[in-house]
Protein chains: 2
Amino acid sequence: MTKSKLSVEQCATELKAAIAGENRRVTSYDVAQLAGVSQSAVSRCFKPGASVSKDKHAAVMQAAALLDYIPNAAARSLITRRSNMVAVIITNQANLYYPELLAEVSQQFNARGKRLLLFTLQRESDVDRVLADVWQYQVDGVIAAARLSPEHIAEFDRRRMPLVLFNRMLRDHSVNTVTCDHLETGRLLVSRLAAAGHRQFGIIAGDEELSVAYERRRGACERIAELGLPAPVVVPGQYDYRSGALGLKAIIAQLGAVPDAIICGSDLMAIGCLDSARHELGIDVPGQLSVAGFDAVEPSNWVSYNLTTLRQPMPKMAAAAADLLCARMAHHDTETEKRVFSAQFIEGATARLTPVGARLAPVRTATGLPLPVAIM
Amino acid sequence: MTKSKLSVEQCATELKAAIAGENRRVTSYDVAQLAGVSQSAVSRCFKPGASVSKDKHAAVMQAAALLDYIPNAAARSLITRRSNMVAVIITNQANLYYPELLAEVSQQFNARGKRLLLFTLQRESDVDRVLADVWQYQVDGVIAAARLSPEHIAEFDRRRMPLVLFNRMLRDHSVNTVTCDHLETGRLLVSRLAAAGHRQFGIIAGDEELSVAYERRRGACERIAELGLPAPVVVPGQYDYRSGALGLKAIIAQLGAVPDAIICGSDLMAIGCLDSARHELGIDVPGQLSVAGFDAVEPSNWVSYNLTTLRQPMPKMAAAAADLLCARMAHHDTETEKRVFSAQFIEGATARLTPVGARLAPVRTATGLPLPVAIM
DNA sequence: TTGTATGCGTTATCAG
DNA sequence: CTGATAACGCATACAA
């Protein structure tokens with residue numbers, strides 16, 4: 001036994017040397033030769049539910065280990081037509097929640113045996129260049145946290161490439177989507193602030209080409225109108241820290257006074273607004289002015305800020321995106337679905353709030369589908 | 001002309017239908033057939049420096065466009081033995097500078113025609129599982145911002161897989177590395193603080209299994225000893241916000257007093273320390289206590305903090321990593337190189353500092369190689 | 001259970 | 001410049 005094993009090892013070293021000499025990779029043929037079986041037997045040994053006898057399996061695995069053999073994913077994907085890779089397209093915003101998103105999505109797909117091919121966009125316009133790569137690399141599906149045009153969507157359809165949009169809505173298009181109900185979230189924030197007596201609102205919006213920013217702003221405006229409050233002052237922003245200070249000043253200038261509350265399209269802007277109000281303009285927050293944001297990025301929770309904000313259930317959203325995409329990859333004919341989550345209200349300490357009295361209306365989904373999970 | 005073109009288009013639609021019927025992909029053979037050329041001609045048309053006649057090229061490209069043909073990267077990588085993919089292995093720390101790293105690295109490699117296969121580690125121990133995937137996917141090289149054991153390094157060598165360590169040092173191992181001179185950075189920080197009169201230091205270290213944390217701490221301690229200052233109080237931390245407050249209290253408890261300055265292994269800890277000092281313990285920073293961090297993450301620059309810290313030149317480091325890896329991928333026999341950058345001192349306002357008088361000693365590299373760029 | 005033979009879609013080689 | 005042909009490394013239908 002020991003003797004035979006030794007000789008196998010000797011053969012292995014010889015074989016490895018030969019392979020290195022030919023300057024090629026270790027293939028299943030090499031393993032087969034060393035183990036004294038056919039190439040297909042080796043292939044089967046590396047396939048989960050294959051039918052191989054116990055001792056043959058052992059022999060193959062030993063040979064494979066001796067040769068440092070690992071199946072070649074490129075060759076496999078060529079024949080199986082699945083690469084087990086998923087592309088993630090993500091805009092390179094200063095958005096502090098993207099790392100969290102990326103970490104969650106990565107974890108979810110790894111758990112499902114998929115690897116992530118990462119595409120970060122400097123500008124939204126890079127998406128065309130990136131898509132060409134996506135097609136080349138034969139990924140099994142795509143998660144897009146970037147703005148896609150209807151033409152892009154059409155190309156996904158044409159190529160039958162499974163797609164899940166993350167926090168990007170595209171009206172009138174049948175495409176898998178995972179989002180928060182940002183409209184409802186905007187409404188909710190106004191409701192809570194109005195209940196505490198705030199009447200004059202200022203809004204620092206994000207880039208309204210983004211559905212997230214648009215919906216948050218629209219939800220807030222809608223609710224303000226419904227409640228018969230004065231029209232809010234809306235100024236644009238870029239989702240970054242600097243926009244917060246600029247927006248605050250623009251609102252004050254436009255209104256000729258400090259409003260009761262400022263709603264910012266993102267935490268970054270809220271934090272910028274807060275810093276400017278407190279340290280630059282000497283405004284008491286929340287005594288004189290309430291400030292609220294969206295996203296609950298890590299710094300919003302720091303003692304210096306303790307921001308009133310709304311948290312997206314990122315882990316659940318990432319899991320949902322993975323589920324949706326995997327389902328679509330398994331059966332191309334599954335119906336598209338929009339999963340809409342609701343955000344969790346974080347009271348924080350930058351807004352004057354009264355304890356929540358009335359329960360809020362249930363979150364509605366755009367498709368009328370049932371809401372998977374109500375986080376509130 | 002128009003007539004012939006029309007007929008080509010008709011053929012294209014027919015061909016596409018046939019392909020769809022056979023449920024297969026569009027291949028270079030299909031394009032060749034439609035364009036009336038050989039398959040090799042098609043292949044050449046998609047290769048940058050190929051020799052194809054002008055009109056043939058045009059015909060092929062037209063046919064390709066009509067059929068939505070894109071070369072299959074898996075098949076290409078099978079024959080060329082290059083996948084044009086680079087793996088990035090990154091620990092999923094709350095480290096706020098990782099998104100910046102990822103964005104920069106992504107951009108750098110995309111510019112060089114490489115795609116990123118992303119592997120995020122929940123725990124450092126996941127690295128074994130991840131490496132198996134790395135071998136499978138036939139990536140051309142690996143950027144690792146994670147802790148690798150000498151055994152791991154050995155496996156990279158054995159498989160002749162190009163590797164660049166990012167901000168991880170491995171002593172006594174010949175491996176491409178891009179880092180900041182964290183030792184010098186620690187020394188520098190102490191020098192500046194000592195020059196301003198700080199004598200009693202506290203240090204909140206990071207996880208010292210990480211070379212970054214270890215070197216920052218050691219550099220600081222070394223310099224403190226050299227200057228003949230009292231021994232610093234060193235407490236452990238986890239690189240996160242919470243560790244800052246815990247560390248501060250531990251230092252005060254251990255010392256029985258508030259030290260002159262606290263050096264934190266990361267900005268996150270410095271910010272946590274700062275918040276705790278100011279808002280929890282009522283300590284005046286920098287009047288009573290100076291606080292400094294490392295990394296210059298985005299929040300360190302916010303008005304509420306304006307942290308004294310040191311910035312790693314991330315764009316240059318990412319570019320260096322890409323350069324190093326690409327060089328190694330092109331010629332496997334290039335010598336290993338350690339590129340050591342120096343950090344930029346950010347004065348901020350959380351430490352009492354005197355204007356810099358004496359110039360600092362030049363940064364030294366571990367290998368004695370010239371320093372590529374002195375950022376200071 | 002096992003081996004044989006074939007094909008996945010491309011690039012490389014070589015003769016014309 | 002062009003086309004035929006041979007790899008690349010694997011998975012799978014089929015025969016044994």
Side-chain angles (χ1 to χ4, degrees), chain A residues 15 19 22-61 63-64 67-85 135-140 159, chain B residues 15 19 22-60 63-64 67-85 113 135-140 159:
Chain A
L15 193 50
I19 292 165
E22 295 173 44
N23 196 26
R24 60 183 186 82
R25 293 169 170 161
V26 179
T27 73
S28 52
Y29 283 98
D30 301 316
V31 177
Q33 185 186 329
L34 184 61
V37 300
S38 73
Q39 180 269 333
S40 40
V42 175
S43 176
R44 277 191 280 265
C45 285
F46 281 88
K47 184 176 173 170
S51 59
V52 195
S53 69
K54 206 109 188 179
D55 51 348
K56 190 150 276 191
H57 184 89
V60 167
M61 284 318 196
L67 295 176
D68 287 328
Y69 169 75
I70 302 258
N72 182 323
R76 172 181 291 167
S77 101
L78 196 55
I79 187 74
T80 61
R81 296 181 173 177
R82 330 197 87 248
S83 61
N84 287 325
M85 295 193 300
W135 311 136
Q136 277 215 14
Y137 280 87
Q138 310 290 125
V139 298
D140 296 336
R159 297 185 182 274
Chain B
L15 193 50
I19 292 166
E22 295 174 44
N23 196 26
R24 60 183 187 82
R25 295 167 168 161
V26 179
T27 73
S28 51
Y29 282 98
D30 300 316
V31 177
Q33 185 186 331
L34 184 61
V37 301
S38 73
Q39 182 271 337
S40 356
V42 176
S43 176
R44 276 192 282 264
C45 285
F46 281 88
K47 184 174 172 172
S51 59
V52 195
S53 70
K54 205 112 188 177
D55 50 350
K56 191 152 278 194
H57 183 88
V60 167
L67 295 177
D68 288 328
Y69 168 75
I70 303 257
N72 182 323
R76 171 181 294 164
S77 99
L78 195 56
I79 186 72
T80 61
R81 297 180 172 175
R82 330 196 85 250
S83 61
N84 286 326
M85 295 193 300
W135 312 137
Q136 277 215 14
Y137 280 86
Q138 311 290 125
V139 298
D140 296 336
R159 297 186 182 274

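Side-chain atoms are counted along with the backbone in the values below, which use heavy atoms only and exclude waters and symmetry mates. This is a predicted model, so every value here is computed, not measured.
- Contact annotation: side chain of R24(A) to base of dG9(D), donor-acceptor pair absent below 3.5 Å.
- Look at K47(A) and you won't find any side-chain N or O under 4.0 angstrom from OP1 or OP2 of dA11(D).
- When each of A75(B) and K56(B) is assigned the nucleotide of DNA chain D bearing its nearest heavy atom, the one mapping closer to the 5' terminus is K56(B).
- When the nucleotides dT10(C), dA11(D), dC1(D) are ranked by their closest atom to the side chain of R76(A), dA11(D) comes out on top.
- When distances are taken from the side chain of I79(A) to each of dT2(C), dG9(D), dG9(C), the shortest belongs to dG9(D).
- Contact check, S43(B) against dT11(C): a side-chain N or O comes under 4.0 Å of OP1 or OP2.
- S28(B) is linked by a side chain to side chain donor-acceptor pair (under 3.5 Å) to Q39(B), counting only residues two or more places apart in sequence or in another chain.
- The backbone N or O of R25(A) sits nowhere less than 3.5 Å from a side-chain atom of R81(B) that would complete a donor-acceptor pair.
- Between dC8(C) and T27(B), no contact under 4.0 Å exists linking OP1 or OP2 to a side-chain N or O.
- Counting heavy atoms from C-beta on, the side chains of M61(A) and F46(A) come closer than 4.5 Å.
- Annotation: proximity of residues 29-41 of chain B to DNA chain D (heavy atom, distance under 4.0 Å) is found for S38(B), S40(B), A41(B), numbered in ascending order.
- I70(A) has its CD1 atom 15 Å from the C1' atom of dC10(D), to the nearest Å.
- Residues satisfying the side chain to side chain donor-acceptor pair (under 3.5 Å) test with D55(B), not counting sequence neighbours, are S53(B).
- Atom P of nucleotide dT10(C) and atom CG of L78(B) are separated by 12 Å, given to the nearest angstrom.
- For the OP1/OP2 pair of dT11(C) and a distance below 4.0 Å, the side-chain nitrogens and oxygens of R81(B) include no atom meeting the criterion.
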